[in-house]
Amino acid sequence: MTVTYSSYLKLDQLLALQAPRPGVLEHDETLFVIIHQVYELWFKEVLHELDYLQARLRANDTPNSAATLKRILTILKTLVAQIDVLETITPLSFLAFRDRLESGSGFQSAQFREIEFVLGKKGRPSFERYPEGSASRKQVERRFNEPTLWDAFLHYLAANGYPVPKLAAEPSPEVQRILVEIYKKNPNVAQIAERFVDLDEGFMEWRYRHVKMVQRTIGTKMGTGGSAGAEYLLKTLNQPAFPDLWAIRAEL
Ligand code: HEM
């Protein structure tokens with residue numbers, strides 16, 4: 001069979017997937033399903049690029065690390081901007097189908113947890129959300145046990161001649177001293193560090209926009225995932241993945 005646009009992209013399958021249950025959806029539910037699916041596709045691509053970024057850093061490849069960071073950051077802008085689309089769903093139209101989600105929530109997104117783990121945010125593993133033996137459980141556990149992007153960055157610094165400690169706890173005054181030196185004397189490496197700050201700020205921006213969207217849509221109601229909702233989400237704000245890069249600002 002010749003390859004066509006539709007066969008290459010498996011469009012028949014893809015476009016049949018916006019059906020969370022049999023029967024007719026509420027009008028705004030189509031948008032709700034599509035936007036979550038789009039997020040999950042972007043999460044897949046972000047993980048793919050984060051893997052590549054770690055490999056490039058470990059190979060001390062500055063140009064390709066910078067290019068990959070630029071790509072991830074551009075995707076992140078899209079992820080944040082998509083919240084505008086979600087905010088066109090009013091509280092009442094969301095309520096028309098909220099019950100149908102039962103306990104379903106972005107809380108359970110395995111790929112989101114994977115991204116957090118790659119970024120080194122391993123504080124709340126909560127594997128029990130994913131059934132033992134399931135593919136998601138395996139993926140999430142694998143990521144949890146793997147080195148982080150920060151480990152790859154420290155490796156990159158070592159390859160550039162900086163005496164970084166092998167296993168630096170975060171935050172680390174030793175790493176911070178090295179970073180200050182880099183910012184003052186090595187613009188090539190410093191630009192990679194700055195893109196890490198962009199990445200960190202970008203994820204925090206997504207969290208901020210998500211919680212504001214949650215507040216305007218469900219107010220103080222509990223989340224479908226079983227948390228306190230906005231109250232829980234507010235606690236996840238302003239928690240950088242790379243604290244050392246923020247700590248040094250006052251020294252520059
Ligand atoms: C009307 C739209 C949405 C509402 C009302 C909403 C609400 C919530 C609430 C209340 C939580 C807290 C956990 C819980 O459920 O108890 C949560 C968590 C989460 N949501 Fe949403 N959400 C919406 C859309 C989205 C979208 C489109 C995504 C993209 C994938 C998303 C991703 C997440 C993630 C990753 C978490 C976990 C955050 C964490 O644990 O740090 N949400 N959401």
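We count residues from 1, following the sequence as given. Both ligands and their constituent atoms are indexed starting at 1 by order of listing.
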**Message:** Any heavy atom of M213 closer to ligand 1 than 4.0 angstrom?
**Reply:** yes
**Within 6.0 angstrom of E231 CD, more than 12 heavy atoms from elsewhere** = no
**Whether over 12 other heavy atoms sit under 6.0 Å from E132 CD** = no
**Request:** Please verify whether a non-hydrogen atom of G226 lies at under 4.0 Å from ligand 1.
**Result:** yes
**Asked** So, for Y130 and F127, is the gap between ring centers shorter than 6.0 Å?
**Response** no
**Item:** Min heavy-atom dist R113 to ligand 1 below 4.0 Å
**Value:** yes
**Request:** Measure centre to centre between the rings of F112 and W206, then say whether the value is under 6.0 Å.
**Result:** yes
**Asked** Would T62 and Y156 count as having a side-chain donor-acceptor pair, cut-off 3.5 Å?
**Response** yes
**Asked** Just going by heavy-atom distances, which of T236, I218, V214, I89 is nearest to atom 7 (C) of ligand 1?
**Response** V214
**Prompt:** Would you call W42 a ligand 1 contact, heavy-atom distance under 4.0 Å?
**Reply:** no
**Asked** At a 4.0 Å threshold, what atoms of ligand 1 neighbour a non-hydrogen atom of F32?
**Response** 1 (C), 2 (C)
**Item:** Sub-4.0 Å atoms of ligand 1 with respect to non-hydrogen atoms of F112
**Value:** 35 (C)
**Fill in**
Closest to atom 41 (O) of ligand 1 by heavy-atom distance, out of K221, R207, Q215, K235, is R207
